[in-house]
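Before any comments, here is the structure.
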Amino acid sequence: MKLLLTDSAHSLGVALEHELEREPFGLLAPAAKDVDWCDRESVDAYIGQGKPNLVINTLGWSDAPSEPDCKLLPLAAEALAEVCKERGIPMIQLSSYRVFGDDNKSKHSERDEPVPNSSVGRAFYAAERAVTERLERAIVLRTSWVIGSFGDNHLTRLMRALQAGESWKPNNRLRGAPTALSDLARVTVGLIKQISCGAECWGIYHYCSGDACTEVEFAEQLQQVLQQQDYQGPEPVFEVVDEAPAGEPLSAVLSSLRVRNDFGVQTRTWRTMLVSMVKQWLHTNQ
């Protein structure tokens, strides 16, 4: 089975490529200059030459996409979905809790109707629709806060602030289920393996850690890990925020029941993985 990973340069793409190296799949991982992902003809030419059996689309995806990434998300998803439809190729589209908006739900399921409250959320949702409206054989995989030792995420932002001598400003109103990059890559590869074995489960799926917390609780856990690692840098100074921010869903916690029932995926806690992520960040940045 040959896979096309559309972006192996950003954090999730790096984690996926690392996870796939241990699997018996052929992997196409083109450089950014090789394909104009927003141009259908360019995408069709590349896919026609490479002939992948499955496309994993991470283009524009990140924990907090930039403005250019928000433009790329729906355009690339639409071009890929059009080509995949014509060529009969299934697709996995990575997405985010940010498709949800100003509701009071503590946990979102796949049945909940997305009503994005930000340009980021609208970009993710437009990318989802571009895929689901064109392809029957497609999976949209949404996730919560994604953390890792590299890239731009809740963990690296706190560590960079600490290194710069800035205070931590976690929001007590925001609640999520931190999910390690390596864990999300593990689950995505698990879905790929079952698809390669003939699984015909398609549609919207959620995956995140089974261990929810507020931003404040996450920062406190990170502080404990730093103390355990005998961290010699500046002590974290907290300035806790206690008001709802604009353009951010209050809950990033997602129900993972459907992915468990259909694919047998079991959730993992982020707390046991935080130590290794902090060690890696300290090793790279000190």
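Here, residue 1 is the first one in the sequence, and each next residue gets the next number. Computed from a predicted structure; not experimentally measured.
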**Prompt:** Quick one: does P65's side chain get under 4.5 Å of L72's, heavy atoms only?
**Reply:** no
**Asked** Is there side-chain contact between V55 and I92, with heavy atoms separated by less than 4.5 Å?
**Response** no
Residues in side chain to side chain contact (heavy atoms under 4.5 Å, CB included) contact with [X], at least two apart in sequence or another chain:
X    : result
A77  : N57, Q93, A127, A130, V131
R175 : A212, T214, E217, V253
K51  : none

**Asked** Can you list every ring pair (Phe, Tyr, Trp, His ring centres under 6.0 Å) pair that touches residues 25-49, not counting sequence neighbours?
**Response** none
**Summary of salt bridge (Lys or Arg N to Asp or Glu O under 4.0 Å) pairs that have at least one residue in residues 186-213, sequence neighbours excluded** = E23-K193, D183-R186, D211-R271
**side-chain hydrogen bond (donor to acceptor under 3.5 Å, both in side chains) partners for D152, two or more places apart** = R157, R160
**Asked** Can you name the residues that form a side-chain hydrogen bond (donor to acceptor under 3.5 Å, both in side chains) with E128, not counting sequence neighbours?
**Response** S95, R142
**Asked** Taking it one step at a time, do E136 and K85 satisfy salt bridge (charged side-chain N to carboxylate O under 4.0 Å, His left out)?
**Response** CA-CA 9 Å; E136 292 184 2; K85 179 181 179 180; over 6 Å; no
**Message:** Return the CG to CG distance between L54 and L5, rounded to the nearest 0.5 Å.
**Reply:** 10.5 Å
**Message:** To the closest 0.5 Å, what do you measure between NZ (K107) and OG (S251)?
**Reply:** 9.0 Å
**Asked** Can you list the steps and then say if L191 with V265 is a side-chain contact (heavy atoms from CB on, under 4.5 Å)?
**Response** CA-CA 9 Å; L191 302 189; V265 170; 4.3 Å; yes
Tell me who clusters with [X], hydrophobic residues only, linked when side chains sit under 4.5 Å apart either directly or through other members.
X    : result
L158 : I147, L155, M159, L162, W168, V216, F218, L222, V225, L226, Y231, F238, V240, W270, M273, L274, V275, M277, V278, W281, L282
V241 : none
V140 : I204
V115 : none

**Asked** Will you find, in the side chains of Q280 and S276, an N or O donor that is under 3.5 Å from an N or O acceptor?
**Response** no
**Message:** Does anything in residues 238-248 form a side chain to side chain donor-acceptor pair (under 3.5 Å)? List the pairs, not counting sequence neighbours.
**Reply:** Y97-E248, R98-E248, S167-E239, R173-D242
**Charged N-O contact under 4.0 Å between R40 and E86** = yes
